[in-house]
Amino acid sequence: GENVEQHPSTLSVQEGDSAVIKCTYSDSASNYFPWYKQELGKRPQLIIDIRSNVGEKKDQRIAVTLNKTAKHFSLHITETQPEDSAVYFCAANYGQNFVFGPGTRLSVLP
Amino acid sequence: DAMVIQNPRYQVTQFGKPVTLSCSQTLNHNVMYWYQQKSSQAPKLLFHYYDKDFNNEADTPDNFQSRRPNTSFCFLDIRSPGLGDAAMYLCATSRDLAGETQYFGPGTRLLVL
(Lines give C-alpha, C1' and ligand atoms only; values in the text may rest on other atoms or scores of the structure.)
Protein backbone atom coordinates (compact mmCIF):
# COMPACT_ATOMS: atom_id res chain seq x y z
CA GLY A 1 0.00 0.00 0.00
CA GLU A 2 0.86 3.66 0.01
CA ASN A 3 3.40 4.91 2.55
CA VAL A 4 3.93 8.62 3.13
CA GLU A 5 6.97 9.79 5.04
CA GLN A 6 7.39 13.33 6.28
CA HIS A 7 10.44 15.21 7.57
CA PRO A 8 11.32 16.83 9.83
CA SER A 9 8.99 15.86 12.66
CA THR A 10 9.66 19.18 14.38
CA LEU A 11 10.95 22.44 12.94
CA SER A 12 11.76 25.72 14.65
CA VAL A 13 12.48 28.85 12.65
CA GLN A 14 12.88 32.52 13.43
CA GLU A 15 10.10 34.83 12.37
CA GLY A 16 10.74 35.99 8.83
CA ASP A 17 12.80 32.95 7.85
CA SER A 18 11.63 30.25 5.47
CA ALA A 19 10.42 26.79 6.41
CA VAL A 20 10.55 23.68 4.25
CA ILE A 21 8.79 20.39 4.96
CA LYS A 22 9.42 17.37 2.76
CA CYS A 23 7.34 14.30 2.03
CA THR A 24 7.89 11.17 0.04
CA TYR A 25 5.33 8.67 -1.18
CA SER A 26 5.59 5.15 -2.48
CA ASP A 27 2.68 4.58 -4.90
CA SER A 28 3.45 5.91 -8.36
CA ALA A 29 -0.30 5.98 -9.07
CA SER A 30 -0.86 8.77 -6.53
CA ASN A 31 -1.74 11.97 -8.34
CA TYR A 32 -3.12 14.38 -5.74
CA PHE A 33 -1.11 15.81 -2.84
CA PRO A 34 -2.79 18.14 -0.34
CA TRP A 35 -1.20 19.89 2.61
CA TYR A 36 -3.15 20.50 5.79
CA LYS A 37 -2.42 22.86 8.68
CA GLN A 38 -3.77 21.92 12.09
CA GLU A 39 -3.64 24.32 14.99
CA LEU A 40 -3.95 22.96 18.51
CA GLY A 41 -7.44 21.64 19.16
CA LYS A 42 -8.72 22.62 15.71
CA ARG A 43 -9.57 20.84 12.49
CA PRO A 44 -7.04 20.17 9.73
CA GLN A 45 -7.41 22.92 7.15
CA LEU A 46 -6.32 22.61 3.56
CA ILE A 47 -3.70 25.24 2.79
CA ILE A 48 -2.50 24.19 -0.65
CA ASP A 49 -2.61 21.17 -2.93
CA ILE A 50 -0.96 20.01 -6.11
CA ARG A 51 -1.85 17.51 -8.79
CA SER A 52 0.61 15.40 -10.66
CA ASN A 53 0.25 17.30 -13.91
CA VAL A 54 2.11 20.31 -12.48
CA GLY A 55 5.47 20.65 -10.79
CA GLU A 56 4.91 23.72 -8.65
CA LYS A 57 2.08 25.77 -7.24
CA LYS A 58 2.23 28.99 -5.25
CA ASP A 59 -0.25 30.89 -3.12
CA GLN A 60 1.19 34.03 -1.55
CA ARG A 61 3.76 32.89 1.03
CA ILE A 62 3.08 29.20 0.50
CA ALA A 63 4.35 27.03 -2.32
CA VAL A 64 4.39 23.33 -3.04
CA THR A 65 6.73 21.51 -5.39
CA LEU A 66 6.34 18.00 -6.77
CA ASN A 67 8.95 15.68 -8.25
CA LYS A 68 7.02 12.74 -9.66
CA THR A 69 10.10 10.84 -10.72
CA ALA A 70 11.57 10.90 -7.25
CA LYS A 71 8.13 10.70 -5.56
CA HIS A 72 8.90 13.76 -3.47
CA PHE A 73 6.79 16.80 -2.68
CA SER A 74 7.62 19.72 -0.44
CA LEU A 75 5.91 22.61 1.29
CA HIS A 76 7.69 25.95 1.36
CA ILE A 77 6.60 28.79 3.63
CA THR A 78 8.40 32.10 3.19
CA GLU A 79 8.49 35.08 5.56
CA THR A 80 7.16 32.95 8.39
CA GLN A 81 4.96 34.53 11.04
CA PRO A 82 4.06 33.35 14.55
CA GLU A 83 0.58 32.42 13.33
CA ASP A 84 2.18 29.87 11.00
CA SER A 85 2.99 27.80 14.11
CA ALA A 86 0.98 24.58 13.84
CA VAL A 87 1.24 20.93 12.84
CA TYR A 88 1.42 20.42 9.09
CA PHE A 89 0.35 17.17 7.43
CA CYS A 90 1.08 16.13 3.89
CA ALA A 91 -1.08 13.52 2.21
CA ALA A 92 -1.24 11.49 -0.96
CA ASN A 93 -4.24 9.85 -2.50
CA TYR A 94 -4.20 6.09 -2.61
CA GLY A 95 -7.02 4.32 -4.35
CA GLN A 96 -10.18 5.90 -3.02
CA ASN A 97 -8.63 7.42 0.08
CA PHE A 98 -5.76 9.45 1.42
CA VAL A 99 -2.71 8.47 3.39
CA PHE A 100 -1.38 11.16 5.68
CA GLY A 101 2.20 11.75 6.65
CA PRO A 102 2.97 11.69 10.38
CA GLY A 103 3.06 15.48 10.62
CA THR A 104 5.57 18.25 11.26
CA ARG A 105 5.28 20.55 14.23
CA LEU A 106 6.39 24.00 13.10
CA SER A 107 7.27 26.63 15.67
CA VAL A 108 7.92 30.18 14.51
CA LEU A 109 9.87 32.04 17.14
CA PRO A 110 9.29 35.80 17.43
CA ASP B 1 -20.69 29.54 7.38
CA ALA B 2 -20.09 26.08 8.72
CA MET B 3 -19.97 23.46 5.98
CA VAL B 4 -19.11 20.36 7.98
CA ILE B 5 -20.66 20.35 11.42
CA GLN B 6 -19.94 17.95 14.23
CA ASN B 7 -21.87 17.50 17.45
CA PRO B 8 -21.11 17.47 20.20
CA ARG B 9 -17.70 19.13 20.27
CA TYR B 10 -16.85 17.32 23.50
CA GLN B 11 -18.28 14.02 24.64
CA VAL B 12 -17.66 12.22 27.91
CA THR B 13 -18.73 8.60 28.22
CA GLN B 14 -18.13 5.74 30.56
CA PHE B 15 -16.12 2.65 29.81
CA GLY B 16 -18.37 0.26 27.89
CA LYS B 17 -21.27 2.70 27.48
CA PRO B 18 -22.33 3.12 23.83
CA VAL B 19 -21.84 6.56 22.36
CA THR B 20 -22.85 8.18 19.07
CA LEU B 21 -21.12 11.09 17.39
CA SER B 22 -22.79 13.00 14.60
CA CYS B 23 -21.70 14.85 11.51
CA SER B 24 -23.66 16.89 9.02
CA GLN B 25 -22.69 18.72 5.88
CA THR B 26 -24.16 21.48 3.75
CA LEU B 27 -21.90 20.83 0.75
CA ASN B 28 -24.01 18.05 -0.79
CA HIS B 29 -20.85 15.97 -1.14
CA ASN B 30 -21.08 12.33 -2.09
CA VAL B 31 -18.40 11.09 0.29
CA MET B 32 -18.28 11.29 4.07
CA TYR B 33 -15.34 10.03 6.12
CA TRP B 34 -14.67 9.31 9.77
CA TYR B 35 -11.14 9.67 11.12
CA GLN B 36 -9.70 9.00 14.55
CA GLN B 37 -6.89 11.29 15.64
CA LYS B 38 -4.86 10.73 18.77
CA SER B 39 -2.57 13.31 20.25
CA SER B 40 0.38 14.29 18.04
CA GLN B 41 -0.57 11.75 15.38
CA ALA B 42 -1.96 11.95 11.88
CA PRO B 43 -5.68 11.33 11.32
CA LYS B 44 -6.40 7.62 10.86
CA LEU B 45 -9.23 6.70 8.51
CA LEU B 46 -11.86 4.45 10.06
CA PHE B 47 -14.34 4.20 7.16
CA HIS B 48 -16.11 6.19 4.53
CA TYR B 49 -19.43 6.29 2.73
CA TYR B 50 -19.69 6.94 -0.97
CA ASP B 51 -23.36 7.82 -1.16
CA LYS B 52 -24.93 4.80 0.55
CA ASP B 53 -21.97 2.47 -0.05
CA PHE B 54 -20.05 1.77 3.13
CA ASN B 55 -16.31 1.11 3.00
CA ASN B 56 -14.58 -0.10 6.12
CA GLU B 57 -10.81 0.10 6.55
CA ALA B 58 -9.32 -3.33 7.17
CA ASP B 59 -7.91 -2.44 10.56
CA THR B 60 -10.95 -0.62 11.95
CA PRO B 61 -12.17 -2.49 15.04
CA ASP B 62 -15.68 -4.00 15.00
CA ASN B 63 -16.43 -1.77 17.97
CA PHE B 64 -16.79 1.11 15.50
CA GLN B 65 -19.87 1.31 13.30
CA SER B 66 -21.33 3.99 11.09
CA ARG B 67 -24.67 5.02 9.64
CA ARG B 68 -25.54 7.43 6.87
CA PRO B 69 -29.32 7.89 6.76
CA ASN B 70 -29.17 10.57 4.06
CA THR B 71 -26.69 12.68 2.10
CA SER B 72 -26.32 15.27 4.82
CA PHE B 73 -25.82 13.20 7.94
CA CYS B 74 -23.40 10.54 9.06
CA PHE B 75 -23.03 8.96 12.50
CA LEU B 76 -20.20 7.19 14.26
CA ASP B 77 -21.31 4.60 16.81
CA ILE B 78 -18.86 3.22 19.32
CA ARG B 79 -20.54 0.18 20.79
CA SER B 80 -18.38 -0.39 23.85
CA PRO B 81 -15.84 2.40 24.29
CA GLY B 82 -12.56 1.49 25.88
CA LEU B 83 -9.96 3.78 27.39
CA GLY B 84 -7.96 3.46 24.18
CA ASP B 85 -10.79 4.98 22.18
CA ALA B 86 -10.33 8.37 23.77
CA ALA B 87 -9.37 10.61 20.86
CA MET B 88 -10.50 13.36 18.55
CA TYR B 89 -12.94 12.08 15.96
CA LEU B 90 -12.95 14.02 12.72
CA CYS B 91 -15.59 13.91 10.04
CA ALA B 92 -14.65 14.96 6.53
CA THR B 93 -16.42 15.22 3.21
CA SER B 94 -15.39 15.30 -0.42
CA ARG B 95 -17.30 15.76 -3.62
CA ASP B 96 -16.04 12.50 -5.00
CA LEU B 97 -13.34 9.91 -4.44
CA ALA B 98 -9.92 9.52 -5.98
CA GLY B 99 -8.19 12.83 -5.66
CA GLU B 100 -10.84 15.22 -4.44
CA THR B 101 -10.20 17.69 -1.64
CA GLN B 102 -11.44 16.65 1.77
CA TYR B 103 -13.05 19.21 4.05
CA PHE B 104 -12.88 18.51 7.75
CA GLY B 105 -15.35 19.27 10.50
CA PRO B 106 -14.19 20.75 13.83
CA GLY B 107 -14.04 17.33 15.46
CA THR B 108 -15.51 15.75 18.58
CA ARG B 109 -13.14 15.10 21.42
CA LEU B 110 -14.15 11.89 23.21
CA LEU B 111 -13.18 11.22 26.78
CA VAL B 112 -13.74 7.74 28.23
CA LEU B 113 -13.91 7.45 32.00
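These numbers come from a predicted model, not from an experiment. Here is the naming used below: chain letters follow the sequence lines, and residue numbers restart at 1 for every chain.
- The heavy-atom pair separating A42(B) from G101(A) by the smallest distance is CB-O, 3.2 Å.
- Neither the backbone nor the side chain of Q45(A) comes within contact range of chain B; no heavy atoms are under 4.5 Å apart.
- Heavy atoms of F33(A) lying under 4.5 Å from chain B are absent altogether.
- A distance of 10.0 Å separates CD in E100(B) from CG in D49(A), rounded to the nearest 0.5 Å.
- V31(B) and Y36(A) fall within the same hydrophobic cluster, defined by Ile, Leu, Val, Met, Phe, Trp and Tyr side-chain heavy atoms under 4.5 Å apart, directly or through other members.
- Y33(B) is not connected to F47(B) by any chain of hydrophobic side-chain contacts under 4.5 Å among Ile, Leu, Val, Met, Phe, Trp and Tyr, and they are in different clusters.
- Note: the hydrophobic cluster containing L46(B) does not contain Y103(B) (ILVMFWY, side chain heavy atoms under 4.5 Å, direct or indirect links).
- Ranked by heavy-atom pairs under 4.5 Å with chain A, the list L90(B), N55(B), T101(B) is led by T101(B).
- The environment of NZ in K17(B) is sparse: at most 12 heavy-atom neighbours from other residues, nucleotides or ligands sit within 6.0 Å.
- Looking at P44(A), both its backbone and its side chain come within 4.5 Å of chain B, counting heavy atoms on both sides.
- In this structure, CD on Q37(B) lies 8.5 Å from CZ on F100(A), to the nearest 0.5 angstrom.
- To the nearest 0.5 Å, atom CG of residue L45(B) and atom CG of residue N97(A) are 5.0 Å apart.
- In plain terms, the two heavy atoms of G41(A) and M88(B) that are nearest each other are O-CE, 4.2 Å.
- Applying the 6.0 Å contact sphere to CG of D51(B) captures more than 12 heavy atoms from other residues, nucleotides or ligands.
- Around the CG atom of L40(A), the shell of radius 6.0 Å holds no more than 12 heavy atoms that belong to other residues, nucleotides or ligands.
- Only the side chain of Y35(B) comes within contact range of chain A, judged by heavy atoms closer than 4.5 Å.
- In terms of hydrophobic clustering, with Ile, Leu, Val, Met, Phe, Trp and Tyr side chains grouped at heavy-atom distances under 4.5 Å, F75(B) and W34(B) are assigned to different clusters.
- The two residues G105(B) and R43(A) have their closest heavy-atom pair at O-CB, 3.0 Å.
- Note on L97(B): it clusters hydrophobically with F104(B), by side-chain heavy-atom contacts below 4.5 Å among ILVMFWY residues.
- More than 12 non-hydrogen atoms from other residues, nucleotides or ligands lie less than 6.0 angstrom from CZ of R68(B).
- Heavy-atom distances place no part of Q6(B) under 4.5 Å from chain A, backbone and side chain included.
- With rounding to the nearest 0.5 angstrom, the NE2 atom of H48(B) is 11.5 Å from the CZ atom of F98(A).
- In this structure, the side chains of P43(B) and F89(A) come closer than 4.5 Å at one or more pairs of heavy atoms.
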